[in-house]
Peer 1: 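First the structure, then my questions, so here it is.
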Amino acid sequence: MTDPLSADQLFISKLTAIVLDNLSDENFDVGKLSSEAGMSRSTIHRRLRTLKNKNGSQFIREIRLGKAMEMLSHNLGTASEIAYKVGFGSPTYFSKCFHEFYGYPPGEVQIIDLQEEEVTNESSPAFMAALRQNPAISKEGPVPGIKKRRKSAILVFGTAIIFFALAWGLNSYLVKGQFQFRIFPTHPRDLSIVVLPFKNFSDDPANQYLADGIMEDILNNLYQISDLRVVSRTTSEHFRDAGLTAGDVARKVNARNVLEGSIRQYDDEVRISVQLIDAYRDQHLWSHNFDRKFTDIIGVQGDIAMQVAYKLKAVIAENEVKQIENIPTQNPVAYDNYLRGRFLLHKANSEQRFDIDREGLMGSLQYFEKAIAADENFAEAYAGMANAWFNLSSWGWYQPYYEGIQKAKDFNEKALKIDPDCAEAHAVKGVYLAFPARKFEEGQKELLKAIQLNPNFSTSYQWYAQLLMITGPIGEARVYMDRGLELEPYFWVM
């Protein structure tokens with residue numbers, strides 16, 4: 001009798017079946033997977049990390065690559081044809097991913113299969129695995145019967161490596177008083193990063209809004225890359241004036257990599273300087289100056305995020321590239337006013353003085369209005385307006401209360417009409433459906449949608465946890481509040 005599958009096996013089996021059902025859909029991503037599976041995106045990521053040590057995007061990609069290997073082995077099409085059949089919109093990107101995963105390009109699959117057929121039955125399973133991972137082995141000479149001198153060479157080489165490692169550690173101990181084996185880092189695939197608040201080196205201190213805005217846009221673009229673990233803006237903000245080194249901050253927030261930056265603005269010229277540091281090794285990885293006209297800075301944040309991901313060797317899915325390349329406005333006046341409004345909105349939400357909160361929220365409304373006037377299709381500006389109006393009303397700073405809530409609702413509906421996938425707009429809609437409309441079930445769906453669209457938007461977790469405190473279960477509320485605290489450990493509301 002076949003043993004019943006465990007809950008974990010059923011979970012993996014269910015996800016695998018869904019991916020295979022959508023194999024040729026290049027737009028199928030973790031969001032669609034979570035929707036069809038009836039689970040939140042964060043739940044899928046968390047369980048896959050536990051069971052497979054990979055995230056949702058990696059899980060989908062590896063199933064596609066596995067199916068591609070099967071199709072190539074059976075000669076069911078060219079590499080380019082199969083790339084589209086397994087959901088890769090670009091044969092070049094497919095070839096890159098295939099090569100990284102298997103160790104050789106898709107065009108060599110048939111050659112490797114023929115070489116494996118020539119291997120005698122005496123070849124061990126370990127050798128067969130090595131052959132598939134490194135086809136160059138078979139090119140060095142006849143496969144059957146590995147010669148003794150080759151075995152001896154491998155033994156000598158392996159012994160030399162061990163001796164060298166021991167000598168390295170002993171030298172570290174004698175010189176520094178401690179062993180430091182850093183030839184093989186403890187966490188070679190630790191792709192965590194904290195983006196420190198950018199410094200304003202312009203002559204005008206008021207340009208801090210621009211430094212903060214560019215930093216946050218880079219951060220938001222990095223959030224889109226599921227292969228990275230990105231420390232939240234509020235957490236990094238806590239260390240703005242702490243006087244700590246990049247390495248000190250990285251250790252405090254448990255991040256391996258640090259991105260530092262600054263801006264200088266002279267008339268209509270802007271220089272954005274960034275540098276990427278491996279804090280674990282205290283090693284400089286990359287730095288660059290981006291010189292732009294002020295009217296041309298839109299989009300440079302996405303370029304910086306992609307460069308950072310490339311330097312960290314992060315895997316970026318095609319849909320993630322599309323999200324990063326999606327620029328919400330091309331109007332520099334609208335973008336500038338939006339950055340100013342967002343700067344005041346965040347400042348209000350991060351303070352604990354109500355007089356500053358109200359002043360910041362009222363000021364943000366004026367800039368969001370200017371952004372909308374410059375670009376009436378700027379969804380994020382409408383969502384910012386809705387967020388500010390809801391906070392003003394819910395804190396009792398705008399009367400009558402229901403009039404302010406209605407304003408939030410109107411602006412939010414405009415945001416969603418322009419961009420149905422605006423996470424902030426779904427979050428605001430969820431919270432006003434729950435409070436004061438008391439449409440708890442509808443509010444829950446909207447807040448979960450916001451979390452699915454942007455698993456790093458901590459406010460969604462805060463509002464959803466507050467809703468669960470009313471509707472239950474309380475235990476689940478604790479889970480979402482803990483996740484919010486994980487993202488924003490220094491956010492005073494939590």
Peer 1: Can you tell me how far CG of Leu468 sits from CD of Gln444, rounded to the nearest 0.5 angstrom?
Peer 2: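 Spacing of CD (Gln444) from CG (Leu468) equals 6.5 Å.
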Peer 1: Which distance, rounded to the nearest 0.5 Å, do you find between the CZ of Phe59 and the CD1 of Ile12?
Peer 2: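 Rounded to the nearest 0.5 Å, the CZ-CD1 separation comes out at 5.0 Å.
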Peer 1: Is it true that Gln452 and His426 share a donor-acceptor pair across their side chains at a distance under 3.5 Å?
Peer 2: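 The criterion, which ignores hydrogens and geometry beyond distance, is not satisfied for Gln452 and His426.
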Peer 1: Would you call the rings of Phe94 and Phe98 parallel, tilted or perpendicular, where under 30° means parallel and over 60° means perpendicular?
Peer 2: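 Rings of Phe94 and Phe98: tilted, as their planes differ by 30° to 60°.
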Peer 1: Are side-chain heavy atoms of Val195 and Val231 found at a separation under 4.5 Å?
Peer 2: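 Sidechains of Val231 and Val195: no contact.
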Peer 1: Are Leu48 and Leu15 close enough, and set up right, to give a side-chain contact (heavy atoms from CB on, under 4.5 Å), and what steps lead you there?
Peer 2: CA-CA 10 Å; Leu48 285 176; Leu15 295 191; 4.2 Å; yes
Peer 1: For the atom pair CG (Asp212) and CZ (Arg340), what is the distance rounded to the nearest 0.5 Å?
Peer 2: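 It is 12.5 Å, given to the nearest 0.5 Å.
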Peer 1: With a sphere of 6.0 Å drawn around CD of Gln283, does it hold more than 12 non-hydrogen atoms of other residues, nucleotides or ligands?
Peer 2: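 More than 12 within 6.0 Å, yes.
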Peer 1: For residues Glu320 and Ser57, is any side-chain donor paired with an opposing acceptor at under 3.5 Å?
Peer 2: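 Yes, a side-chain donor-acceptor pair sits under 3.5 Å.
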Peer 1: Please determine whether the number of non-hydrogen atoms from other residues, nucleotides or ligands lying under 6.0 Å from atom OH of Tyr335 exceeds 12.
Peer 2: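 For Tyr335, atom OH is crowded (more than 12 foreign heavy atoms under 6.0 Å).
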Peer 1: Do the side-chain N and O atoms of Asn319 and Asp29 include a donor-acceptor pair separated by under 3.5 angstrom?
Peer 2: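 Yes, Asp29 and Asn319 have a side-chain donor paired with an acceptor closer than 3.5 Å.
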Peer 1: Should Arg342 and Glu424 count as an ion pair when the cut-off is N to O under 4.0 Å?
Peer 2: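 Glu424 and Arg342: not salt-bridged.
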Peer 1: Return yes if a side-chain donor-acceptor contact under 3.5 Å exists between Tyr209 and Asp336, otherwise no.
Peer 2: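 Judged by distance alone, the side chains do pair up.
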Peer 1: Check whether any side-chain N or O of Gln301 sits under 3.5 Å from a backbone N or O of Gly299 as a donor-acceptor pair, and report yes or no.
Peer 2: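 Yes; at least one donor-acceptor contact below 3.5 Å.
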Peer 1: Identify whether the distance between the nearest side-chain nitrogen and carboxylate oxygen of Lys445 and Glu442 falls below 4.0 Å.
Peer 2: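 Glu442 and Lys445: not salt-bridged.
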Peer 1: Do any N or O atoms from the side chain of Asp267 and from the backbone of Glu269 form a donor-acceptor pair under 3.5 angstrom?
Peer 2: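 Not a single qualifying donor-acceptor pair exists.
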Peer 1: Would you mind checking if Arg478 and Asp482 are paired as a salt bridge, meaning a charged N to carboxylate O distance below 4.0 Å?
Peer 2: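 Salt bridge present between Asp482 and Arg478.
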Peer 1: Ignoring hydrogens and angles, state whether a donor on the side chain of Asp217 or Asn221 is under 3.5 Å from an acceptor on the partner side chain.
Peer 2: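 No - no donor-acceptor pair under 3.5 Å links their side chains.
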Peer 1: So Leu65 and Phe88, side-chain contact (heavy atoms from CB on, under 4.5 Å) or not? Walk me through it.
Peer 2: CA-CA 10 Å; Leu65 291 172; Phe88 285 86; 4.0 Å; yes
Peer 1: Is a side-chain N or O of Ser273 found less than 3.5 angstrom from the main chain of Ser262, in a donor-acceptor match?
Peer 2: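 Not at all, since once roles are kept as given, no pair shorter than 3.5 Å links the two residues.
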Peer 1: If you measure only the distance, is there a donor-acceptor pair under 3.5 Å linking the side chains of Gln307 and Asp303?
Peer 2: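 No.
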Peer 1: Go through Val194 and Phe239 one step at a time and tell me if the side-chain contact (heavy atoms from CB on, under 4.5 Å) criterion holds.
Peer 2: CA-CA 11 Å; Val194 55; Phe239 298 97; over 6 Å; no
Peer 1: With side-chain contact (heavy atoms from CB on, under 4.5 Å) as the test, would you mind laying out the steps for Tyr432 and Asn412 before giving the verdict?
Peer 2: CA-CA 10 Å; Tyr432 69 62; Asn412 211 62; 4.1 Å; yes
Peer 1: Just say parallel, tilted or perpendicular for the rings of Phe378 and Tyr338, cut-offs at 30° and 60°.
Peer 2: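 Ring orientation of Phe378 relative to Tyr338: tilted.
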Peer 1: Look only at the side chain of Asp227 and the backbone of Ala314, and say whether a donor-acceptor pair between them is shorter than 3.5 Å.
Peer 2: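 The answer is no, because no donor-acceptor pair under 3.5 Å joins these two groups.
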Peer 1: Calculate, to the nearest 0.5 Å, the distance between atoms CG and OG belonging to Leu259 and Ser236 respectively.
Peer 2: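 Interatomic distance, Leu259 CG to Ser236 OG, rounded to 0.5 Å: 10.5 Å.
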Peer 1: Cut-off 3.5 Å, side chains only: do Ser202 and Asn200 have a donor facing an acceptor?
Peer 2: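 There is such a pair between these side chains.
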Peer 1: Can you tell me if Asn22 uses its side chain to pair, donor with acceptor, with the backbone of Asp25 under 3.5 Å?
Peer 2: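 It does not hold such a pair.
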Peer 1: When rounded to the nearest 0.5 angstrom, what distance separates CG in Leu365 from CE in Met385?
Peer 2: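 Rounded to the nearest 0.5 Å, the CG-CE separation comes to 5.5 Å.
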Peer 1: Quick check for you: to the nearest 0.5 Å, what is the distance between Tyr382 atom OH and Leu416 atom CG?
Peer 2: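 Spacing of OH (Tyr382) from CG (Leu416) equals 12.5 Å.
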Peer 1: Measure from the side-chain N and O atoms of Asn326 to the backbone N and O of Lys322, and report whether any donor-acceptor pair falls under 3.5 Å.
Peer 2: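 No, the answer is negative, given that no donor and acceptor are paired below the 3.5 Å cut-off.
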Peer 1: Within the distance-only criterion (no hydrogens, no angle test), does the side chain of Asn454 pair as donor or acceptor with the backbone N or O of Ala450 below 3.5 angstrom?
Peer 2: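 Side chain of Asn454 to backbone of Ala450: no pair is present.
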Peer 1: Do side-chain atoms of Asp291 reach the backbone of Arg271 as a donor and acceptor pair under 3.5 angstrom?
Peer 2: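 Looks like no, no N/O pair under 3.5 Å.
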